[in-house]
Amino acid sequence: MTYNAGHYDVIVIGAGHAGVEAGVAAARMGAKTLMLTLNLDMIAFMPCNPSIGGPAKGIVVREVDALGGVMGKVIDKTYIQMRMLNTGKGPAVQALRAQADKALYSREMKRLIENEENLTIRQGMVEELIVEDGKCKGVITETNAAYYADAIVVTTGTYMRGKVLMGDLEYESGPNNQRPSVKLSQNLEALGLELVRFKTGTPPRVNSHTIDYSKTEIQPGDENPRYFSYETTEQIVDQIPCWLTYTNEFTHEVINDNLGLSSMYSGMKRGTGPRYCPSIEDKIVRFNDKPRHQIFLEPEGRDTEEVYVQGLSTSLPESIQHKMIKSIPGLENAEIMRPGYAIEYDAVVPTQLWPTLETKSISGLFTAGQINGTSGYEEAAGQGIMAGINAACKVLGKEPFILDRSQGYIGVLIDDLVTKGTNEPYRLLTSRAEYRLLLRHDNADLRLTDIGHEIGLIPEERYEKFLEKKRLVEEEKQRLKTIMIKPNDDVQKIMEKAGATPLKEATKAYDLMKRPELNYSEIEQMIEPNPDLNDEVKEQVGIQIKYEGYIKKAVEQVERMLKMEDKKVPEDIDYDAIAGLATEAREKLKKIRPLSLGQASRISGVNPADISILLVYIEQGNIARLAN
Amino acid sequence: MMETDTITAISTPIGEGAIVIVRLSGSEAIQLTSEVFKGKNLQEVDSHTINYGKIIDPETNEVADEVMVSVMRAPKTFTREDVVEINCHGGMVAVNRVLEMLLSRGARLAEPGEFTKRAFLNGRIDLSQAEAVMDLIRAKTDKAMNVALKQMDGRLSGLIQRLRQDLLETVAHVEVNIDYPEYDDVEEMSHEVMRTKTKEVHSEIEQLLQVAKQGKILREGLGTAIIGRPNVGKSSLMNTLVQENKAIVTEIPGTTRDIIEEYVNVRGVPLRLVDTAGIRETEDIVERIGVERSRKVLKESDLILFVLNYNEELTEEDMKLFEAVKGLEYIVIINKTDLEQKLDLEKVKETAGDRPIVTTSLLKEEGVDELEKAIADTFFSGEIDSGDLTYVSNVRHIQLLNKAKKALEDAIEGIELGMPMDIVQIDVTRTWEFLGEIIGDTASDSLIDQLFSQFCLGK
């Protein structure tokens, strides 16, 4: 028999990277929120690489922060190394990446949650959802506690029916030998949700004392580290480097000789693994002409000797892992502290979700993170905050909140998942974003702070600061349009120093900034400086002017896209009643149930003629409604 | 799918009338037309007036056609938008040029049924007809698909695919630099390499467009078969048509040569000479493949040129050929009038019924004008229905090639300006997408597939 353990507005199952964002967002929006986790010591734990950010992913962290999420703030407090990547490239693809102190990150996040108003965290294994009349009403734990709420967010990561694989060893387990969630998975299936089996893996960890770093190359952090969060003001000066080494023919020989012993190559049918996070076995098999592969040695924190061997994800037996490690320069005497393994788990087929991350079949049930078939902490956090916001919106009677593809990588991620689905663990890449010039690291605040504030996740003080920045950027852009720079000696010297051809005639400062060799810092020397501006504002002014032409083109594309997004598909549409639709299009539309013609047009198998027909059909209904 | 841009298309069935109408609808319809129109200022003429003038290519100042232009301002038009109809007289080549000029100025080629769709969406067609609109879109789209498939030359699509693969590999290279900045197996894509690559593809697209401009490669003409007994002059006829009309010879190696040789343009009517190789070997098509199958081949031709020998009596074989072309569109050509008459002209006339008969001496180059006139008449008098979408989808190819070329030029400009590679790559990707539209491949997943098959990535 269950007992009534309490009523909440929102319940979040899981306290990983999706769960914490969901829980905090819902609570801060005013929903009384409960988070349930298997193990309180594993909050926001990183079971794989000790790093956050990177191309596309780092921008997601900025977006989460601009919406009022927590990942950025916590990593800013707990990193051991910070690097801005792609600094030699354009502003659209620059991205921040931090090496995290794993344990500290987890502890810091736990503290944050413990101190959050409106938010209760409790240890417990959820085994069943309470569903009545197609609506989710609560959860039941293995201790027979029944918690009630009108919105439930499931963020169970790779725990559902998790199975660890290493050689011929296999056992039911979540990541890092945590308990797997078995009954919940069965329950979701019984409730009619379609699940799919995915796989991922992690490399061995070795003891730092046993590494000969002299045989490796140092990979230091930036001298002047940047921040993920717009609220962070303090740098961590004391950074720890990573190290680079390589596999070689001996490593490859060990792997090739023992390929049959790898769980993934022993001929058994397995869940689908991601192409972009292949095991070392995969790499050797698929690219057998490559003489060596990069191996990064990444410390897992300040208070531990464990080092993550990036590039060596494997499901080979432990005995082979020892041999493999010892073949690598610098690791000849390295001692494995934890072996690598592959993990299989159940994921929810994400096309069963609305773009709010609510399931279509069960009202009030949301899923976010790796359970939706993604991989990566950042992708999880991005979904987490969106699911948390929408769960809160639902119980508070507010309009749902959806980001479109031009507003953020989060929008791209969720739209891809719910519209196209995925047949392997999904990772964000910059190339998935068609408007990536607009989805930059530097302008995440300009894109999303207004929204975050409107939702109630950005406090007034921060919002005021943001408005001030926005104002300064606009004013400075206007000012530069009014300043003429004349070709005098001082100016020519600056031009020459920057490697630019000399100035021929007086030119507006604004236009001069468009010269590829010149940045705001050069222009600043030619004009009367504006003491009100900080570096962030200057950077923004520079980017907006410099890439104006390209940005304008992208904005035009977005406007065209939005016209289609604005054409809503009525919820009660009966696709069977539309005679002209092609069969494949009809089936897909029935399954995905797109909210707009824009979304419909992105479904594979739905062609432009089907969209035209759909449009005419919808208009017909609108006209009929008007006539009545 | 934008509902506000200006669309255009040839709105009369091709080949079915002496006048071909190019229609435009949308807010820029009048302005776009006036940019290529010499005559009254169309922006100032009264609504619902017809205006005489010429369509002139503003870049070359060449006259494309003499036309009558109807200007109809919103809302009293078929679509309730500004509508312009250009009545062209100069045959299909001229019409195509007019259409291309409009497209290059920013009009968009209308989708199948799109004028009607707009009429509906703007409330011009009442609700009860909505069903019909949907049917029309479906029917026209299916037809367009069929035509497009039939029309897509294997070699053209092969070439486009090769260009796309080149671009895709280049883009994947840039992407791997971006998404895996520490991956050291591949060098940073340099501006030099990118410049070479984009210029290569640019020049290939330019060549394609050059050939297309001459009116042939991308335009599927009327499928035309030349038949007749051995030695009646089929080969001479073929050569005459080709020489008179300057068939295209291209220098793109191994891509289009064979096909192009078969294209001729007779007084604005494009002919695709079917199975010319067979003709050159002076084999008889009926003899070679049998009556049943040849009948099938002939049936698929839009026009048959049936050659008889003035110098020989009608044979049983000739009669068999008459039987084979019965009910089809054919022109009888009585050749070798420079020799003694042995042919029973009365019997030929009787057998041919109302089909045109032309007498020629290809050797002495006599009767060629008459033959060409007969071909043009057959075409323009509406006897031949070549499928009304044939031209349009060719123009579509050209439009997309032009867009691809423009996107590449943007990329090259970016390279010259020293823009970062990820910015340059935006335009390279657009090029790839436009080329993809030509062959109907718009799947965006290919890039990610390419990325992971080309490079060994991941932690």
Side-chain angles (χ1 to χ4, degrees), chain A residues 48-49 54-56 85-86 88-93 203 219 244 274-278 282-283 286-287 290 293-294 296 310-311 313 429-432 434 436-437 516-517 547 550 553-554 560 563-564 578-582 597 601 604 607-609 611-613 615-617 619-620 623-624 627, chain B residues 1-5 111-114 117 120-121 123 126-127 130-131 133-142 144-145 171-172 174-175 177-185 188 410 414 417-424 426-427 429 443-445 447-449 451-453 455-459:
Chain A
C48 198
N49 55 330
L85 303 171
N86 289 332
K89 302 192 182 79
V93 297
Q219 306 279 306
L244 171 63
R275 283 174 297 182
Y276 37 74
C277 185
D282 278 334
K283 293 185 199 175
R286 290 186 49 223
F287 294 89
K290 272 198 74 170
H293 296 270
Q294 285 169 312
F296 288 94
Q310 197 227 90
S313 174
L429 297 160
T430 61
S431 54
R432 297 199 196 262
E434 48 280 77
R436 82 174 166 209
L437 187 54
E517 304 86 359
Y547 301 99
Y550 286 94
K553 221 156 52 173
R560 285 200 291 272
K563 273 185 193 147
M564 294 285 288
I578 311 174
L581 290 176
L597 279 182
S601 68
S604 67
N607 64 42
I611 296 296
S612 282
I613 287 166
L615 176 64
V616 170
Y617 181 84
E619 283 301 317
Q620 178 189 14
I623 295 168
Chain B
M1 273 310 299
M2 294 170 289
E3 303 306 326
T4 51
D5 57 349
E111 292 160 18
E114 197 173 2
K117 185 178 96 182
F120 171 78
L121 293 177
D126 86 40
L127 201 52
E131 198 77 6
V133 176
M134 290 190 275
D135 287 348
L136 176 83
I137 292 170
R138 171 56 58 202
K140 286 213 169 189
T141 303
D142 290 347
M145 292 261 277
V171 171
V174 178
E175 292 295 337
N177 292 157
I178 295 169
D179 274 326
Y180 295 88
E182 284 154 338
Y183 182 65
D184 65 356
D185 218 42
E188 280 292 315
D410 289 349
L417 282 173
M419 281 291 166
M421 202 44 74
D422 56 285
I423 300 262
V424 172
I426 294 172
D427 289 314
T429 305
S444 56
D445 291 346
L447 174 58
I448 287 156
D449 291 341
L451 201 56
F452 291 106
S453 62
F455 305 104
C456 179
L457 304 167
K459 53 192 184 183

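Each chain gets a letter, A, B and so on, in the order the sequences are listed, and its residues count up from 1.
Residue contact with chain A, scored on non-hydrogen atoms closer than 4.5 Å, involves the backbone and the side chain of B:Asn177 alike. Only the side chain of A:Ile578 comes within contact range of chain B, with heavy atoms under 4.5 Å apart. Both the backbone and the side chain of A:Ala582 have a heavy atom closer than 4.5 Å to some heavy atom of chain B. In this structure, the portion of A:Phe296 lying under 4.5 Å from any heavy atom of chain B is its side chain and not its backbone. Looking at B:Ile423, both its backbone and its side chain come within 4.5 Å of chain A, counting heavy atoms on both sides. Residue contact with chain B, scored on non-hydrogen atoms closer than 4.5 Å, involves the backbone and the side chain of A:Ile613 alike.
The choice from B:Glu188, B:Glu175, B:Met421 that makes the most heavy-atom pairs within less than 4.5 Å of chain A is B:Glu175. For the set A:Lys553, A:Arg436, A:Arg286, the entry with the most heavy-atom pairs within less than 4.5 Å of chain B is A:Arg436.
Distance alone, capped at 3.5 Å, is enough to place a donor-acceptor pair between the A:Asn86 side chain and the A:Val93 backbone. Remark: side-chain polar atoms of B:Asp179 are not paired, donor with acceptor, to backbone N or O of A:Leu429 under 3.5 angstrom.
If you take CG on A:Leu244 and CG on B:Asp184, they are separated by 6.5 Å, rounding to the nearest 0.5 Å. Annotation: the span from B:Leu121 atom CG to A:Gln620 atom CD amounts to 11.0 Å, rounded to 0.5 Å.
Under the side chain to side chain contact (heavy atoms under 4.5 Å, CB included) criterion, A:Lys290 pairs with A:Phe287, A:His293, B:Tyr183, B:Asp185, B:Cys456, not counting sequence neighbours.
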Item to complete: Show your working on side chain to side chain contact (heavy atoms under 4.5 Å, CB included) between A:Ile611 and A:Met564 and close with a plain yes or no.
Response: CA-CA 10 Å; A:Ile611 296 296; A:Met564 294 285 288; 3.9 Å; yes
